[in-house]
Amino acid sequence: MCGIIGYIGQKEAVPVLMEGLKKLEYRGYDSAGVAYIHQNHLALDRSVGKLANLEALMAKKEISSHIGIGHTRWATHGRPSEANAHPHRAGKIVLVHNGIIENFLTLKNELVKKGCAIKSETDSEIVVHLIEQEVVAGKNLEQAVQNVLKEIQGAFALVIFSEDNPDQLIAVRNRCPLVIGMGRGECFVASDIPATLSHTRDYIFLNDGEMALLSSKGVEVKDFEGRKKIKTPITVDWSPVMAEKGGYKHFMLKEIFEQPRAIADTLRGRISLDNGKVSFHEVELSDSFLKNISKIHIVACGTSWHAALVGKFLIEHLARVPVEVDIGSEFRYRDPILSATDLFIAISQSGETADTLAGMQEAKGKGVKTLAVCNVVGSTMARESDGVIYTYAGPEIGVASTKAFTTQLTALFLLALNLGQIRGQIGPEASVDYLKSLVHLPRLIEDILSRENDIIEISKTFFKSRDFLFLGRGINYPIALEGALKLKEISYIHAEGYPAGEMKHGPIALIDENMPVVVLIPRDAVYSKVLSNIMEIKARDGIVIAIVSSMEEEFFKKVDHVF
Ligand code: M6R
């Protein structure tokens, strides 16, 4: 994932850019670069590999600049190299780009025919040449960008400036996130809020099809045709400290340990232990609508999709409404049957995931009311949906979701209870019981986290394994999927999640003395069924790592590791 940072204002731009790029490092990248104006001339520095390489390069220079853009690149078009790294330059114009220009090959061929010297393999460089041609033809930068926006297709966030106009940065958004940070006598632009949190908490969130003209005096937002748009900044309640590692070795670990706090924040102000009532202030959907919905469609990607699968269980069980769950990238292509009495729920940590957003737009287009369960205040999904339930996890810097997932589950539990109450499926007594259990969650999670060393011990035995299976049944099947996703994403060990009962229909062939199988077996309605699945694994000498909720002597003899 690429990262963008831009600055214009009184401060020295390059240190602001470098700090912003450091905050974006977590997104993963293979090269980085900055562009700025020094002594009235546009300058550009880029390097392959870690940001430290770029830092070392910049440390040798004495630069004074009050405008600049920076980028961390994750190679898509063209391998990681200095030439392919951003910013890209054509004459006196420079830009950074996130996303993909889908028609770049056609545009490139036309440019080459006109004799334009293309230096990189990227789709991004094409855009800067197109802008430069417009400028050479006599357009000002804003008009030039507007004209080029009519030619390019795809998903893009762009930030552009010109040596001839050092008092203006232009930011453009189409299906790639971009936020404008507002300061005093300065403006920031970034692909993600944490990049600028140490400077401001006031943000303007651009919509698709909008461009912003940034100067030290402020921001003007227009649509791609140049019509002015009125935008009000939103203040985010994240502090810069929340986006620091806080003594942890890495962000993911910090975020795992933040779960008790994050879950408590997700519950706060929404529940009453006296009467069992659950209420959301941000859900602007009437009780009469919620009472009569005929079906719920939940759409999400990755970890959020796993949360959606858990949400289906909870909502169907507690509110007795049928729920369909779709992966974001599949939903709009399967011609879903949608009706005005349905409710569409998008689940997304970022509130920006393109496929989930496209699903939401599909539902809205068919007149379906929409609700977003998301973490980022002011994100596109939060703004474009009819109602929103924030998860209050705080900034997610680690790319692998942890606290984002467990706060989504918490929010979905509350939503299921809320719907159950509105639809007369759950009485106050049962609600109070559920809520009493929920408020214990942060403490229970703390207890699990205090046993970190037990987990480290188990992992020492398996870190060289090449494959893992994760099994669960019922509501724990999506949790098994999430466990498998985390293992592949973080350890690069191949892992698959399966419903435990499905194992005998194929995957069992993989089980031998080298195959660790993580089995989720809490004391629930399907406990004995999962126990039978464990016996099937042991009959083939598989290694069982059991995640249990009760301790029975007999059980310990059957499995290899217990947590
Ligand atoms: O921001 P979102 O929740 O919409 O992101 C969707 C997925 O990309 C995300 O959940 C991803 O699968 C996790 N970060 C993986 O740990």
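Both backbone and side-chain heavy atoms feed into the values below; hydrogens, waters and symmetry mates do not. One-based numbering, in listed order, for ligands and for the atoms of each. Because the structure is a prediction, the values reported are computed rather than measured.
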Heavy atom of the protein closest to [atom] (residue, atom name, distance):
| atom | answer |
| --- | --- |
| atom 5 (O) of ligand 1 | T353 OG1, 3.4 Å |
| atom 1 (O) of ligand 1 | S350 OG, 2.6 Å |
| atom 7 (C) of ligand 1 | C301 O, 3.6 Å |

To the nearest 0.5 Å, what is the distance between [atom1] on [X] and [atom2] on [Y]?
| X | Y | atom1 | atom2 | value |
| --- | --- | --- | --- | --- |
| I397 | M252 | CD1 | CE | 14.0 Å |
| L409 | H306 | CG | NE2 | 11.5 Å |
| E324 | H297 | CD | NE2 | 5.5 Å |

(Q) Just to verify, what does E396 make a salt bridge (Lys or Arg N to Asp or Glu O under 4.0 Å) with, not counting sequence neighbours? (A) none
Q | Polar proximity ligand 1 side, S348 side, N/O cut 3.5 Å exclusive | A | yes
Q) Under 30°, 30 to 60°, or over 60°: which ring-plane class applies to H86 and H71, parallel, tilted or perpendicular? A)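 Judged by the thresholds at 30° and 60°, the geometry between H86 and H71 is parallel.
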Q: Please state which part of T356 comes within less than 4.0 Å of ligand 1, counting heavy atoms only: side chain, backbone, both or neither.
A: neither
Q: Might you work through the salt bridge (Lys or Arg N to Asp or Glu O under 4.0 Å) test for K364 and D386, ending with a clear yes or no?
A: CA-CA 9 Å; K364 279 179 78 143; D386 297 300; 5.4 Å; no
Q) Of all the atoms in ligand 1, which lie at a distance below 4.0 Å from a heavy atom belonging to S304? A) 2 (P), 3 (O), 10 (O)
Q. Just wondering, do Y248 and I256 contact through their side chains at under 4.5 Å, heavy atoms?
A. no
Q) Which residue from T303, I490, V399 reaches closest to atom 14 (N) of ligand 1 through any of its heavy atoms? A)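 Heavy atom nearest to atom 14 (N) of ligand 1 belongs to V399.
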Q. Atom 16 (O) of ligand 1: which of M252, E489, Q349 has the nearest heavy atom?
A.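 It is E489 that holds the nearest heavy atom.
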Q | Residue-ligand contact K486/ligand 1, heavy atom below 4.0 Å | A | yes
